[in-house]
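Structure record follows, encoded as structure tokens.
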Amino acid sequence: MEHQLHSGTAKLTLVEGGRHTEINYGKANSKATANVFARLPSILQTTLMLEELLGLFQEQTQPILAFDSFHFLHQGVYQVDSDTAHHHRCHYKLEMNGTYLGDLTLTRRHKFSDSDIKLLEDLLCLLVYPIRNCLLYRQALSSALKDNLTGLGNRSAYETNLTREIDIARRHQTPLSLLVMDIDNFKNINDSYGHNSGDRALKVVADTVVQALRLSDACYRFGGEEFTILLGNTDIKAARLVAERIRIAVSQILCNDGKQNFSFTASLGIAQLHQREQGYHLFERADMALYQAKQTGRNLTVCAPSPAQV
Ligand SMILES: Nc1nc2c(ncn2[C@@H]2O[C@H](COP(=O)(O)OP(=O)(O)OP(=O)(O)O)[C@@H](O)[C@H]2O)c(=O)[nH]1
């Protein structure tokens, strides 16, 4: 069944619904419904976090819609689910100005009547603008933390995640290692082939490092041709193996900028988080090890001694 409702620039498409039977709302139910309509718009304005918004909508509307499960999906990335799915379902595709906002599915044991569907659609009209605002906010947050050229997290993302990883490592008493990697003689690439070729090399290096890492590890573009890689639950011995895997993979890249092929190498410094050590100090030690790798001839991995050994 396909049914569309337009409210201003918003479009709700009912993709699937239960068989309709009329029910009459009692007086108390109407009053409860009127109360929800009175307070919902201001409640939905209290957050820009999508998870929180959907939680509030769910909490406010469940008593009058009596659904058993609430499910929201956006680009396969985000999902809120509650309870198990039941036989009768209403599935809406939400859009605004042609922009997809997500798919919402409600299920319950009892059929959805026409008046239930009308009520749900009126409520969804109050939800679409706040969802749009949350998605825009999420997009703005993510581009503020992203390096446009490589698609990796940027230095701000690195600093935020370093704090979180240190916290996790301390709480679970697990090792945390940091790799700092710098492409060797990168200036020569720009000078010999041009800035666009340098940019192409940065992008290929980023993709190569991501391929060489576990999903739980993260690589950031720290700045220029310098990258940082955070390895959770990894001690310096294991980090060295990862660093060598990356170093070898980078040395095997044959970069093509559309005009010619060229290759290059990278050097890496490694440090393992020490007890009570601050994030900036961990970076300093890894960066110092990187400096040694550069001094010793490049295309090398050097481990920082632990602070106790210095
Ligand atoms: N194409 C391109 N070049 C960049 C970017 N960011 C920084 N660079 C260049 O990277 C080069 C870094 O050069 P240096 O700091 O001298 O280091 P290097 O040539 O890699 O030498 P070593 O690190 O000692 O091996 C400079 O020429 C910067 O202009 C970028 O986003 N794109």
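Counting convention: from 1, in listed order, for ligands and their atoms alike. Just so we're clear, the structure is a prediction, and the values are computed from it rather than from any experiment.
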Problem set entry | side-chain hydrogen bond (donor to acceptor under 3.5 Å, both in side chains): pairs with one or both residues in residues 242-252, sequence neighbours excluded | Glu244-Arg247, Glu244-Thr301, Arg247-Asn299
Exercise. Considering residues at least two apart in sequence or located in another chain, which fulfil the side-chain hydrogen bond (donor to acceptor under 3.5 Å, both in side chains) criterion with Thr47?
Worked result: Glu52
Problem set entry | Among Arg109, Arg108, Gln62, side chain to side chain donor-acceptor pair (under 3.5 Å) partner for Asp68 | Arg109
For this session: Could you tell me whether the side chain of Thr174 and the main chain of Arg170 form a donor-acceptor pair under 3.5 Å?
Result: no
Exercise. In order of chain and number, which residues sit within 4.0 Å of ligand 1 by heavy atom?
Worked result: Asp182, Ile183, Asp184, Asn185, Phe186, Lys187, Asn190, His195, Gly198, Asp199, Leu202, Arg221, Gly224, Glu225, Lys294, Arg298
Exercise. What residue pairs, at least two apart or across chains, pass side-chain hydrogen bond (donor to acceptor under 3.5 Å, both in side chains) with a residue in residues 224-237?
Worked result: Arg214-Thr234
Exercise. Short question: side chain of Asn97, backbone of Thr99 - any donor-acceptor pair under 3.5 Å?
Worked result: no
